[in-house]
Amino acid sequence: MRCAPNPNGPWHVGHARMPAVIGTYKQRYDGWFCVRFDDTDPETKRPDLDAYDAILEGVDYLGFTPDAVYRASDRLEIYYDHARELIELGGAYTCELPGEEFSALKNAGKPSPNRDKDPETVLAEFEGMVAGEYDPGEMVLRVKTDIKHKNPALRDWVAFRLIDTPHPRAEAAEYRCWPLLDFQSGIDDHLLGITHIVRGIDLQDSAKRQQFVYDYFGWEYPEVIHWGHVQLDDYDVKTSTSTIRELIEAGELDGWDDPRAPTLASLERRGIRGEAITAAMVELGTSTSDVDLAMSSIYAHNRELVDDASDRRFLVRDGRELPLAGSPPEEANPPVHPDHEDRGTRSIPVEDAVLLEEGDLPGREERIWLKGLGSFLYTRDVLQYTGEEIDVVREGGVDVVHWVPATGSVPVRLRTTEEDVLGRAEPGVADLEPDELIQFERVGFARIDGRESVDDGERIVAYYAHP
RNA sequence: GCUCCGAUAGUGUAGUCCGGCCAAUCAUAUUGCCCUCUCGAGGCAAUGACCGGGGUUCAAAUCCCCGUCGGAGCACCA
């Protein structure tokens, strides 16, 4: 099987579907798969040189290693040779008709006047195209199909055209005569021994077009299935490479890995494992209708992968300060992970005031349980310590909340898919290394990204993954 | 206008080819309960779907026709 991307930018989440599915099928059925960059348009779909590697990194992130990597722009001579052969078989002709004129004839079911040129003339003119003797628009090579085919999309389609803009890859910069996708991809699929093709519904007619070429050569067409488009819920930003690129260039996004961007780089930075994305994509199946991918599906898979390994910490977002009274312990020691006592406990100094999230503030004369510390009664504007008998929680009516010391806590900027949230975390968070994935209790999973300088010192930057 | 494809719960999916065991599977989501010092994990339960209309048949989610809705192609884009 093959994954044949156009390297016009880093991948968004939707792109993950192809490698996820064919990579999984490869593993399941002991198959073979390659990545083949179909980069045969240096002009309107101009390849982005950085995208080649970015895409291969994306495949790796999703958990797969391609068995081979090809670039169509390395293979022009192969396509030329097959074009010559096709011409000799009488399956193609050079045509100098402008696009609109041919289109009008085609829609009327009438052939181009060039259709019956003898192969010698066609071959000579094609060599002229390869040699750059024509200007763009002056000459194309068409595949001779069926000019009266009931589907106008299949009638005598273009196989090669001329493009003056040099290809961005130095290896291919000298070529001017470029094949179109249906020719290039059709030839390559056979030559590379592809047995199964998966592609989008936008290419529904490709197999039918390419079948004409396969018939001329006596080749057998691979099995092919088409699937619909994937929409993501939960994102404000459209899942489109060009839209994301525009937002980045306009400064509205920080880059391809901005947490608000629906890109693979963004999910990776948020601490979401590629396997979780792969699993969610495989669950979508290969139906031909458009599908909506619920991000919660990716999150559910990721939670299963990371929950056990993620240590717990407290983070209070936009905290409200409450003084403590009644001589609580000087230090709280909640477990590092509630399901793994052997990992030990954390140490959080208690001080004389704590921060709570606004939604957790107790009402007057209400009791509240600070996790890992004990129970308090909110009375006369202070939290009065009333002991550490957990029974009060079991009996009900006492909320269990997370908290941090008012002054000993460390500032945190938590970047989410919607906005950046400021908060303060328990002191131990200052010692976490970048790339560590933790769970802020009652907030959600987050990946420690690094530190940044602010006016009065340093701040931890974390990327929010999901609840 | 011409051509092609699709339609099962909020979302995805199984079942459709070879009609009955489908008052419809599983996952996710939401809600409630149990457990737990988390709104995480674990356990239990509830919610919720065959696009509409005809036809064939003893029997239709499944086969046929019509309609509706949605998607795609008709490029010197991929």
Side-chain angles (χ1 to χ4, degrees), chain A residues 4-8 37-41 43-47 72 95 97-100 102-103 106-107 109 136-142 149-155 157-163 177-182 184-185 199-206 208-209 226-231 233-234 279-301 303-304 306-308 310 312 314 332 334-335 337-340 359-360 369-375 388 390-394 398-402 439-445 466-467:
Chain A
N6 173 9
N8 63 347
F37 292 100
D38 283 353
D39 54 349
T40 57
D41 184 350
E43 201 163 78
T44 54
K45 294 255 167 150
R46 188 170 179 77
C95 178
L97 232 46
E100 307 94 65
F102 175 79
S103 184
K106 176 198 72 179
N107 288 330
E138 276 187 350
M139 187 72 84
V140 296
L141 184 74
R142 290 187 182 281
H149 193 103
K150 64 174 182 171
N151 185 348
L154 309 186
R155 297 172 188 166
W157 45 274
V158 174
F160 284 84
R161 85 300 210 187
L162 296 158
I163 295 176
C177 180
W178 286 92
L180 277 95
L181 174 88
D182 281 317
Q184 172 268 122
S185 173
R199 62 180 158 217
I201 42 172
D202 47 332
L203 265 23
Q204 270 176 131
D205 291 331
S206 274
K208 294 170 190 161
R209 285 204 191 100
H226 298 98
W227 58 24
H229 301 292
V230 182
Q231 296 286 335
D233 66 353
D234 256 27
M281 287 295 176
V282 170
E283 273 177 1
L284 287 183
T286 55
S287 110
T288 174
S289 42
D290 290 354
V291 293
D292 290 341
L293 171 61
M295 286 303 295
S296 60
S297 169
I298 292 177
Y299 298 158
H301 283 288
R303 197 179 292 127
E304 201 173 313
V306 304
D307 180 59
D308 202 60
S310 301
R312 269 52 174 174
F314 290 152
H337 190 117
D339 304 332
H340 295 280
D360 289 335
W369 182 276
L370 301 188
K371 272 179 81 83
L373 222 204
S375 89
E388 48 184 336
I390 192 60
D391 293 343
V392 299
V393 171
R394 299 217 170 89
V398 177
D399 290 337
V400 175
V401 304
H402 56 107
Q439 187 205 80
F440 287 125
E441 294 198 54
R442 306 211 312 136
V443 175
F445 293 88
H466 52 76

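Each chain gets a letter, A, B and so on, in the order the sequences are listed, and its residues count up from 1. On a predicted model such as this, the values are computed, not experimentally measured, just so you know. The figures that follow rest on heavy atoms only: side chains count, while hydrogens, waters and symmetry mates do not.
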Trainee: Looking only at atom C1', what distance separates B:G10 and B:U3, rounded to whole Å?
Mentor: 34 Å
Trainee: What is the ring orientation for A:Phe314 with A:His402, classed by angle as parallel under 30°, tilted 30 to 60°, or perpendicular over 60°?
Mentor: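 If you compare the ring of A:Phe314 with that of A:His402, the planes turn out tilted.
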Trainee: Please state the P separation for the pair B:C66 and B:C77 - nearest whole angstrom.
Mentor: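 These two P atoms come out 38 Å apart once rounded.
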Trainee: I need a per-nucleotide contact map over nucleotides 66-78 of chain B, read 5' to 3'. Cutoff is protein heavy atoms under 4.0 Å; write B for the base, S for backbone only, - otherwise.
Mentor: -----BSBBSBBB
Trainee: With rounding to the closest Å, how many angstrom separate the P atoms on B:G54 and B:G48?
Mentor: 26 Å
Trainee: Take atom C1' in B:G32 and the same atom in B:C26, then report the distance between them in whole Å.
Mentor: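 Result for the C1' pair: 22 Å, nearest Å.
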Trainee: Please encode protein proximity along nucleotides 27-37 of chain B as a string of B, S and -, counting only heavy-atom distances under 4.0 Å.
Mentor: SSS-------B
Trainee: What heavy-atom pair brings A:Arg155 and A:Gly109 nearest, and what distance separates the two atoms?
Mentor: NH1-N, 3.9 Å
Trainee: In this structure, how many angstroms lie between the P atom of B:G12 and the CD atom of A:Gln231, rounded?
Mentor: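 For the pair A:Gln231 CD and B:G12 P, the rounded distance is 11 Å.
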Trainee: A side-chain contact here means heavy atoms from C-beta on lying under 4.5 Å apart; do A:Ile390 and A:Trp369 qualify?
Mentor: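 A:Ile390 reaches A:Trp369 side chain to side chain.
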Trainee: Please give the distance between the C1' atoms of B:A27 and B:A49 as a whole number of Å.
Mentor: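 So the two C1' atoms sit 15 Å from each other.
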Trainee: So which heavy atom on A:Leu154 is nearest to which on A:Asp205, and how close?
Mentor: CD2-O, 3.9 Å
Trainee: Minimum heavy-atom separation for A:Leu162 and A:Pro136, please, with both atom names.
Mentor: O-CB, 3.4 Å
Trainee: Taking B:C76 as the reference, what is the distance to B:C17 when you measure between their P atoms (whole Å, please)?
Mentor: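 One P to the other, the span is 41 Å.
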Trainee: Does A:Asp292 reach a base, just sugar-phosphate, or nothing at all? Heavy atoms under 4.0 Å.
Mentor: sugar-phosphate
Trainee: Would you say A:Met281 and A:Leu293 make side-chain contact, with heavy atoms under 4.5 Å?
Mentor: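 SC-SC contact between A:Met281 and A:Leu293 confirmed.
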Trainee: Once you round it to whole Å, what is the distance between P of B:A41 and CZ of A:Arg312?
Mentor: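 Atom CZ in A:Arg312 sits about 9 Å away from atom P in B:A41.
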Trainee: So, for A:His337 and A:Arg312, which heavy atoms are closest and what is the spacing to 0.1 Å?
Mentor: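 Closest pair (atom of A:His337, atom of A:Arg312, distance): CE1-NH1, 2.9 Å.
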Trainee: Say we look at B:C50 and B:G19: how far apart would their C1' atoms be, to the nearest angstrom?
Mentor: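 Straight-line distance between the two C1' atoms is 15 Å.
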Trainee: If I take atom CG in residue A:Asp339 and atom C1' in nucleotide B:G43, what distance separates them, rounded to the nearest angstrom?
Mentor: 14 Å
Trainee: If you look at every strand shown and take non-hydrogen atoms under 4.0 Å, does A:Asp360 touch a base, only sugar-phosphate, or nothing?
Mentor: base
Trainee: Can you tell me how far P in B:C51 sits from the matching atom in B:U36, rounded to whole Å?
Mentor: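 Those two atoms are separated by 45 Å.
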Trainee: Assess A:Arg142 against A:Phe102: is NZ or CZ under 6.0 Å from the centre of the six-membered ring, and within 45 degrees of the ring's axis?
Mentor: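 A:Arg142 over A:Phe102 ring: yes.
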Trainee: Reckon A:Ser310 touches a base, only the sugar-phosphate, or nothing at all at heavy-atom distances under 4.0 Å?
Mentor: nothing
Trainee: Please check this pair: side chain of A:Asp39 against backbone of A:Pro47, looking for a donor-acceptor N/O pair closer than 3.5 Å.
Mentor: no
Trainee: With sugar-phosphate meaning primed atoms plus P, OP1 and OP2, does A:Phe445 contact a base, only sugar-phosphate, or nothing at under 4.0 Å between heavy atoms?
Mentor: sugar-phosphate
Trainee: In plain terms, say whether A:Arg161 and A:Asp41 are close enough for a salt bridge, that is, a side-chain N and a carboxylate O under 4.0 Å apart.
Mentor: yes
Trainee: Looking only at non-hydrogen atoms, find the nearest pair between A:Ile298 and A:Ala280 and report the distance.
Mentor: CG1-CB, 3.6 Å
Trainee: Please walk me through it: do A:Asp202 and A:His226 pass side chain to side chain donor-acceptor pair (under 3.5 Å)?
Mentor: CA-CA 8 Å; A:Asp202 47 332; A:His226 298 98; over 6 Å; no
Trainee: Using a 3.5 Å cut-off on both pairing distances, which stems of three or more Watson-Crick or G-U pairs include RNA chain B?
Mentor: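 Stems for RNA chain B, defined as runs of 3 or more consecutive pairs: B:1-7 with B:68-74, B:10-12 with B:26-28, B:29-34 with B:42-47, B:51-55 with B:63-67.
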Trainee: Which is more 5' along RNA chain B, the nucleotide nearest A:Phe440 or the one nearest A:Lys150? Just name the residue.
Mentor: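 Between the two, 5'-proximity favours A:Lys150.
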